[in-house]
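Accompanying notes for the structure given below.
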Amino acid sequence: MKNKKANILTENIIFIVLNLVFLTILILFLFSKASDVSFLEEKYAKQIALMIDSAKPGMEVALNMSEAMEIAKKKKWEEKIVSIQDNVVTVKLHEKGGYSYSFFNDVDLDVLYFYPTQDEFKFKVVKYK
Amino acid sequence: MNRRGTDKIISVYWFAILFIVAAAVVYMVVVFYGTPYDVREAEASAMINQIADCITKDNKLRTGVNNDNFLEECHINLGKENKYYVEVGDLEIAKGNMNLNEFCDKKGNKLPKCVERKLYVLGGEIVEIKVVVNNVK
């Protein structure tokens, strides 16, 4: 009788533990996707490209990139976070990452790179090419 | 009745249902986060605004802008990857990848985005500007 009760208890415990492990794995997966860096790289690259597309000579733009800075620090990325070359904006927050998006506005900018030293990415549209 | 046997069968079903639910959640999350931000319509609108500013002066159509000098005059760089098509009806201007024009009649999230606007200028003229953007990654 006691042996039967012990078996039932053990089975139930194993059942509960397996359920908890399963749910934990699922929740960890959800959190990893939600905090995925590539999502942020895409967002910033497209945001900067659209700002440049809408800008005119003389405009100064400042974009708060504190969220990107934090992630770059966590990933120990000290190289350029933003680089603009040949009408393409590239945002890179870790070594194996990076997202590029092109813009059509043929303008010259005064700042083409952004390093993780400040929270704001500021640039000025100097003139049309 | 074999109660322990029944309990074992129920737990197998339980795990099967749990697995199906988890698979559905994983699928939805992957689809949601895997879909890129679609900013093509915003990009096309920005280009149309730039073109409209370029081809008009004092609310009238500007002379001197034609198919040959359109990109330089309007400061537009369509790049080398054939991602854009621009058409300005009245001025007979058509630049970029002409193959993108056929997608204007079709609908679909993965197809190039086609945006058309009409520009009213003094003198009663209506200028149609069409931009097709296929800037995806």
Side-chain angles (χ1 to χ4, degrees), chain A residues 4-5 7-8 11-12 14-16 18-57 86-91 98-108 125 127-129, chain B residues 3-4 7-8 10-12 14-19 21-51 53-54 71-86 95-96 131 133-137:
Chain A
K4 263 190 184 176
K5 284 182 183 174
N7 279 342
I8 290 166
E11 281 172 10
N12 278 318
I14 291 169
F15 181 74
I16 290 166
L18 282 174
N19 272 301
L20 286 172
V21 165
F22 198 79
L23 285 170
T24 306
I25 291 169
L26 187 64
I27 289 166
L28 283 173
F29 169 75
L30 290 175
F31 273 111
S32 73
K33 273 290 174 184
S35 59
D36 195 12
V37 176
S38 55
F39 185 67
L40 211 59
E41 286 173 342
E42 182 193 340
K43 175 191 142 189
Y44 278 118
K46 288 185 175 175
Q47 208 171 355
I48 293 168
L50 283 177
M51 283 195 307
I52 295 172
D53 278 337
S54 307
K56 294 194 187 317
D86 296 331
N87 283 48
V88 174
V89 178
T90 302
V91 175
Y99 190 91
S100 297
Y101 200 75
S102 63
F103 57 91
F104 62 81
N105 200 4
D106 220 7
V107 290
D108 271 332
V125 180
K127 59 178 174 67
Y128 286 120
K129 280 185 186 170
Chain B
R3 196 174 164 197
R4 282 185 67 186
D7 285 346
K8 282 184 182 172
I10 287 170
S11 68
V12 168
W14 170 256
F15 278 112
I17 289 166
L18 204 63
F19 181 77
V21 168
V25 169
V26 166
Y27 173 75
M28 285 187 290
V29 167
V30 166
V31 165
F32 178 75
Y33 283 106
T35 310
Y37 273 127
D38 192 1
V39 297
R40 292 174 299 169
E41 196 166 334
E43 198 176 354
S45 295
M47 191 183 282
I48 287 174
N49 289 340
Q50 182 146 329
I51 293 169
D53 285 343
C54 166
L71 294 177
E72 293 84 35
E73 287 292 320
C74 294
H75 312 290
I76 289 173
N77 183 343
L78 297 183
K80 298 170 190 171
E81 291 175 22
N82 297 325
K83 294 178 188 172
Y84 303 96
Y85 174 70
V86 176
K95 287 286 184 187
V131 170
V133 179
N134 192 29
N135 200 355
V136 290
K137 198 171 181 186

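Computed from a predicted structure; not experimentally measured. Lettering of chains follows the sequences in order, A, B, ..., and the numbering in each one begins at 1.
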CG/B:Leu18 to CG/A:Leu23 distance, rounded to the nearest 0.5 angstrom?
6.0 Å
Closest non-hydrogen atom pair between A:Lys33 and B:Val30, with its separation:
CE-CG2, 4.4 Å
Report, as yes or no, whether the 6.0 Å neighbourhood of atom CD on B:Glu41 holds more than 12 heavy atoms from other residues, nucleotides or ligands.
no
Indicate yes or no: at least one non-hydrogen side-chain atom of B:Val26 is less than 4.5 angstrom from one of A:Leu30.
no
Roughly how far, to the nearest 0.5 Å, is the CG atom of A:Asp108 from the NE2 atom of B:His75?
11.5 Å
Compute the ring centroids of A:Tyr99 and B:Tyr37, then answer whether they are less than 6.0 Å apart.
no
Does some side-chain heavy atom of B:Tyr84 sit less than 4.5 Å from a side-chain heavy atom of A:Ser102?
yes
I'd like to check A:Phe22 versus B:Phe15 (side-chain heavy atoms, cut-off strictly below 4.5 Å). Are they in contact?
no
Examine whether an atom of A:Asp53 lies under 4.5 Å from a heavy atom of chain B, and if so say whether it belongs to the side chain, the backbone or both; otherwise answer neither.
both
Please name the pair of heavy atoms, one in B:Gln50 and one in A:Phe104, separated by the smallest distance, quoted to 0.1 Å.
OE1-CE1, 3.9 Å
Pair count under 4.5 Å, heavy atoms only, with chain A: among B:Gly79, B:Ser45, B:Ala46, B:Cys74, highest is B:Ala46
Specify which of A:Asp86, A:Asn87, A:Ile25 makes the most heavy-atom pairs with chain B at under 4.5 Å.
A:Asn87
Fit a plane to each ring of A:Phe39 and B:Tyr33, take the angle between them on a 0 to 90° scale, and name the class: parallel (under 30°), tilted (30 to 60°) or perpendicular (over 60°).
perpendicular
Euclidean distance, B:Ile76 CD1 relative to A:Asn105 CG, rounded to 0.5 Å:
8.0 Å
Taken in chain and number order and not counting sequence neighbours, the residues that satisfy salt bridge (Lys or Arg N to Asp or Glu O under 4.0 Å) with A:Lys56 are B:Asp53
What distance separates A:Asn19 CG from B:Trp14 CH2, expressed to the nearest 0.5 Å?
6.0 Å
Minimum side-chain heavy-atom gap B:Asn77-A:Phe103 below 4.5 Å:
no
We want to know whether B:Glu73 and A:Tyr128 form a side-chain donor-acceptor pair, criterion being a heavy-atom distance below 3.5 angstrom.
no
